[in-house]
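Values below: every heavy atom of this structure, side chains too, minus hydrogens, waters and symmetry copies.
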Amino acid sequence: MSTLSDLVYAQGRSSEADVEWLHRLAGDGQLLADLAFADIVVWVPTADDSFIAVAHTRPSGAATLFYRDIVGDLVRPQWRTQVNDAFTQLRIVDSASPDWFEETPTRVRAVPIVRALGTDSSAPVVVGVLTRHTNLGEARTPSRQQITFNDCADDLFGMIATADFPDLAAPTSPRRGAPRASDGLIRLDVDGITTFASPNALSAFNRLGFDDELEGEDLLAVTTGILPANREFDESLPIVMAGRAPWRADIEARGVTVSLRTIPLRDHRTRVGAVVLCRDVTEIRHQEQELITKDATIREIHHRVKNNLQTVASLLRIQSRRTHSEDARDALTHAMRRVSAIAVVHDTLSEGLAQNVDFDDVFNRVLKLVAEVAASPNTRARTRKTGTFGTLPSEYATPLALALTELVTNAVEHGLADKEGEVEIIAERSEDRLEVRVRDDGVGLPEGQVGRGLGTQIVRTLIQGELSGTIDWHTLVGSGTEVTIDIPMRYIERAPH
């Protein structure tokens with residue numbers, strides 16, 4: 001399905017600022033639909049003077065009219081005049097009589113979507129039209145809550161038509177558990193006095209410790225009275241509870257956390273009251289805290305593993321220096337290098353908790369380590385990496401880094417032994433494969449020696465066993481060696497997380 005941005009830009013009549021405004025409004029589509037007990041559709045003009053639907057939200061507390069998504073559809077003939085009048089005349093247009101939609105009586109309201117131009121309100125920009133489609137087939141005597149919700153919706157529709165809503169100063173990307181109209185709604189007058197509180201809103205404040213009725217009370221005074229005196233609270237809380245700014249805050253008391261969102265109500269830029277949405281998010285915040293604790297624990301484990309591996313590498317280095325046997329010294333040095341390479345991977349993993357890792361960063365650090373350790377006093381090896389590995393699952397970082405460590409080490413120690421040369425690592429990433437070539441310009445390996453050493457056996461085990469890949473050696477005596485690793489990306493993508 002095309003996104004809102006794709007559909008809007010495809011019409012060729014909207015700017016980036018228009019799209020941002022429409023995105024903000026569509027983000028509150030669920031709030032508008034729930035307050036109005038109706039379907040909410042956002043339309044933008046097309047090049048041929050029609051309108052196309054770019055967003056659609058169904059109400060959660062009422063029957064929807066559109067059982068199929070109408071995003072991407074052109075405006076229907078019976079709504080076109082009404083939508084066009086709202087767009088061209090900058091006014092809210094209500095249907096004169098019930099509109100029938102698939103044998104269901106409906107009432108349609110068209111609201112021009114006007115974008116603010118900073119402080120200059122003399123030249124408004126109309127970027128689209130919002131329509132409210134109310135199902136009259138289930139009409140019944142409205143409750144006081146439904147009347148209040150509809151009044152709040154009408155206030156917001158009026159603000160949309162005067163560029164007072166949405167408010168770009170309001171925070172975006174709310175935390176998990178953002179309050180909705182059904183979770184609890186409080187209506188305030190211009191002085192911050194509660195004129196209506198839904199049962200869910202009253203229940204939330206009761207759980208916080210307030211045991212009276214909210215209506216007629218100063219919401220800021222109520223909140224201040226139930227918060228623990230010795231606990232710091234969000235500095236934005238006073239303006240949120242007084243309905244003065246479009247902001248969000250959490251209040252916590254008696255082990256209960258309630259999330260709040262304030263929407264100031266304005267009439268032509270003049271504040272006339274506010275809507276405060278509230279939701280008990282105690283369990284959600286507990287879960288978030290548990291995740292933070294677990295993430296911190298995992299990060300600390302990676303860090304400790306890295307430190308322990310570095311300690312082991314240091315012990316192996318000390319032992320190798322005190323060993324008189326040349327073979328034992330070489331074995332200890334190789335073991336130290338392998339442990340150090342694994343430590344580098346864990347050091348990278350300890351810096352973040354993502355399931356994927358930037359392997360280019362990991363390998364650059366491993367390559368520097370290998371070049372320093374593998375080169376002998378008479379060997380001058382230059383290492384160079386070309387191409388990009390890209391992002392790989394973290395569980396594949398260790399075997400691949402260790403395998404490449406072995407290959408680069410072999411190229412330096414054997415291919416460039418006692419001479420100057422270059423080792424090049426070439427990475428080629430495609431949609432379905434990762435190919436890595438390790439090439440040196442040394443003397444090359446004699447035929448029959450490939451695959452006989454411990455390092456080569458380790459590489460085969462890591463590439464073929466853990467990465468389900470293939471490895472191939474190409475040797476030309478006197479012209480160097482090239483080792484090719486081929487890993488199917490489907491195995492990487494299906495790696496368990």
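- Side-chain contact between L402 and P399: absent, with no pair of heavy atoms (C-beta onward) separated by less than 4.5 Å.
- Judged purely by atom type and a 3.5 angstrom limit, R13 has no side-chain atom pairing as donor or acceptor with the backbone of A47.
- R437 is listed as a side-chain neighbour of E428, based on a closest heavy-atom distance under 4.5 Å.
- Taking every heavy atom of both residues into account, L227 and E252 meet most closely at CD2-O, 3.6 Å.
- Separating the OG1 atom in T282 from the CZ atom in R254 is a distance of 11.5 Å, to the nearest 0.5 Å.
- If you check the side chains of N206 and S203, you find no donor sitting under 3.5 Å from an acceptor.
- Under the 4.5 Å side-chain criterion, counting only non-hydrogen atoms from C-beta, R132 is in contact with I40.
- Between N200 and D183, the closest side-chain pair of non-hydrogen atoms is not below 4.5 Å.
- Side chains of I263 and P246 form no contact here, defined as non-hydrogen atoms less than 4.5 Å apart.
- Residues passing the side chain to side chain contact (heavy atoms under 4.5 Å, CB included) test with T461: none are found, sequence neighbours excluded.
- S50 contributes no side-chain N or O that, together with a main-chain N or O of T46, makes up a donor-acceptor pair within less than 3.5 Å.
- D39 and T64 are linked by a side-chain donor-acceptor pair at a separation below 3.5 angstrom, with hydrogens and angles left out of the test.
- Between the CG atom in L202 and the CG atom in L185 there is a gap of 13.0 Å [rounded to 0.5 Å].
- Formation of a donor-acceptor pair under 3.5 Å by the R279 side chain with backbone atoms of G184 is not found in this model.
- Of all heavy-atom pairs between D69 and R58, the closest is N-NH2, 3.5 Å.
- The closest side-chain donor-acceptor pair between S259 and D250 falls under 3.5 angstrom.
- Looking at Y396 and V357, their side chains never come closer than 4.5 Å, going by heavy atoms from C-beta outward.
- The nearest pair of heavy atoms linking P59 to A38 is CD-O, 3.5 Å.
- Within the 4.5 Å cutoff, the side chain of W43 has no heavy atoms near those of the I113 side chain.
- The residues R180 and D34 are annotated as not salt-bridged, no charged nitrogen and carboxylate oxygen being separated by less than 4.0 angstrom.
- Take A335 and apply the side chain to side chain contact (heavy atoms under 4.5 Å, CB included) test, not counting sequence neighbours, and it matches L316.
- No donor-acceptor distance shorter than 3.5 angstrom exists from the side chain of Q289 to the backbone of I284, with no hydrogens or angles considered.
- The CG atom of L400 sits 6.5 Å away from the CD1 atom of I485 when rounded to the nearest 0.5 Å.
- Residues V362 and A401 come closest through the heavy atom pair CG1-CB, 4.5 Å.
- W247 has its side chain out of reach of T262: every pair of non-hydrogen atoms, C-beta onward, lies at least 4.5 Å apart.
- We find that R261 and D28 are joined by a salt bridge, their nearest charged nitrogen and carboxylate oxygen being less than 4.0 Å apart.
- In this structure D486 satisfies the salt bridge (Lys or Arg N to Asp or Glu O under 4.0 Å) test together with R433, sequence neighbours excluded.
- The distance from the CD atom of E290 to the NE2 atom of H286 is 8.5 Å, given to the nearest 0.5 Å.
- At least one donor-acceptor pair closer than 3.5 Å links the side chain of Q11 to the backbone N or O of L7.
- Distance NE2/H56 to CZ/R68: 14.0 Å, rounded to 0.5 Å.
- One distance of note links CG of D327 with CG of L332; it measures 11.0 Å at 0.5 Å rounding.
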